[in-house]
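Working notes, beginning with the structure itself.
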Amino acid sequence: MLGSTIVADGSYHEFRFQTATQDVISCNNDTQLCTAPTDTANFEMSGAPPWTFTGPGILFIIDVGDKGDEFSAYDNNTLLGPTSDVTNSGANTCGFSIGCSIGDAGYSRGTFNIAGTGSHSITIQVTQNAQGTTGGNAFFSLSAAPSGVPEPGTWFLMTAGLAALGIGRLRRRKDALR
């Protein structure tokens, strides 16, 4: 299966979609079909899905343009979940502004935790088109998941907290024995 390898660096990847129940498609560097967002330089037109990467990550999907588009995200053909259910007004209040769309609850979005250190293959399917449309554009980003290993400061605080609990318990025992 063809696809594109992506890096979990938090950059936004623009994709296109057509009618509901179809998998989304790449922009193929076509500036007539895909338009750069107006508010971020950390952006690229997506290559062909599925989008692959290795290791844990956090997938974020945000609709732009016409309000009402909704999506479902998959990893290795297993449903991660749907984006938020929104009122299907078809209104376009943010254009291709990622920041504006994130700040407007009228745009569907979803955040998905992708666990596991193995290989991941991300696909997205449009589940609802905005009123009066049969396609459009949206973005996804992939960020590295936070490390499961606590930082040294966290270890220190945990150890100090456990020691304080232990000392308190010993004092209560001594007081009870008196």
Side-chain angles (χ1 to χ4, degrees), residues 1-86 94-105 107-130 133-149 151:
M1 179 183 280
L2 295 176
S4 304
T5 301
I6 57 174
V7 177
D9 62 1
S11 62
Y12 285 93
H13 305 268
E14 185 175 12
F15 62 86
R16 293 224 8 100
F17 56 91
Q18 296 170 347
T19 57
T21 73
Q22 294 183 355
D23 287 344
V24 303
I25 56 178
S26 72
C27 283
N28 291 326
N29 294 318
D30 188 336
T31 55
Q32 291 180 327
L33 296 177
C34 293
T35 305
T38 58
D39 60 347
T40 183
N42 196 15
F43 147 82
E44 67 183 28
M45 292 182 190
S46 72
W51 299 289
T52 59
F53 69 98
T54 302
I58 298 172
L59 175 68
F60 176 69
I61 300 170
I62 184 72
D63 185 29
V64 295
D66 302 314
K67 293 181 181 179
D69 301 307
E70 295 177 9
F71 308 92
S72 286
Y74 297 84
D75 178 21
N76 291 317
N77 295 318
T78 299
L79 179 65
L80 294 170
T83 59
S84 57
D85 187 26
V86 293
C94 287
F96 285 96
S97 170
I98 293 170
C100 178
S101 297
I102 289 172
D104 185 334
Y107 285 95
S108 184
R109 84 265 332 276
T111 302
F112 308 95
N113 186 21
I114 302 171
T117 57
S119 296
H120 299 280
S121 178
I122 303 300
T123 53
I124 302 170
Q125 185 179 80
V126 61
T127 56
Q128 173 179 289
N129 290 102
T133 69
T134 57
N137 299 39
F139 294 88
F140 75 89
S141 69
L142 181 69
S143 301
S147 171
V149 178
E151 295 180 8

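Counting begins at 1 with the first residue of the sequence. Small disclaimer: the values here were computed from a predicted structure and weren't measured. Just so you know, these numbers use all the heavy atoms, side chains as well, and skip hydrogens, waters and symmetry mates.
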Under a 3.5 Å distance rule, please check whether [X] uses its side chain to pair with a backbone N or O of [Y] as donor and acceptor.
| X | Y | result |
| --- | --- | --- |
| T127 | E70 | yes |
| N113 | I58 | no |
| H120 | G55 | yes |

To the nearest 0.5 angstrom, please state how far the [atom1] atom of [X] sits from the [atom2] atom of [Y].
| X | Y | atom1 | atom2 | answer |
| --- | --- | --- | --- | --- |
| D69 | Y107 | CG | OH | 9.5 Å |
| F140 | F71 | CZ | CZ | 12.0 Å |
| I98 | E14 | CD1 | CD | 8.0 Å |
| L59 | S143 | CG | OG | 9.0 Å |
| F96 | S101 | CZ | OG | 9.5 Å |
| F112 | I61 | CZ | CD1 | 5.0 Å |

Do [X] and [Y] have side chains that get closer than 4.5 Å, going by heavy atoms?
| X | Y | result |
| --- | --- | --- |
| Y74 | D23 | no |
| V126 | Q18 | no |
| F53 | I122 | yes |
| F15 | P49 | no |
| S119 | T52 | no |

For [X] versus [Y], what's the shortest heavy-atom pair and its separation?
| X | Y | answer |
| --- | --- | --- |
| T54 | T117 | CG2-O, 3.4 Å |
| S46 | H13 | CB-CB, 4.2 Å |
| S121 | P50 | OG-CB, 3.1 Å |
| G47 | S26 | O-CB, 3.0 Å |
| A138 | V64 | CA-CG2, 4.1 Å |
| S108 | S84 | OG-O, 2.6 Å |

Quiz item: N76 and T78: side-chain donor and acceptor closer than 3.5 Å?
Solution: no

Exercise. Begin with the C-alpha distance, continue with both residues' side-chain angles, and end with the deciding distance and a verdict on side chain to side chain contact (heavy atoms under 4.5 Å, CB included) for F60 and R109.
Key: CA-CA 7 Å; F60 176 69; R109 84 265 332 276; 4.1 Å; yes

Exercise. Show the numbers, then the answer: is there a side chain to side chain contact (heavy atoms under 4.5 Å, CB included) between F17 and I124?
Key: CA-CA 9 Å; F17 56 91; I124 302 170; over 6 Å; no

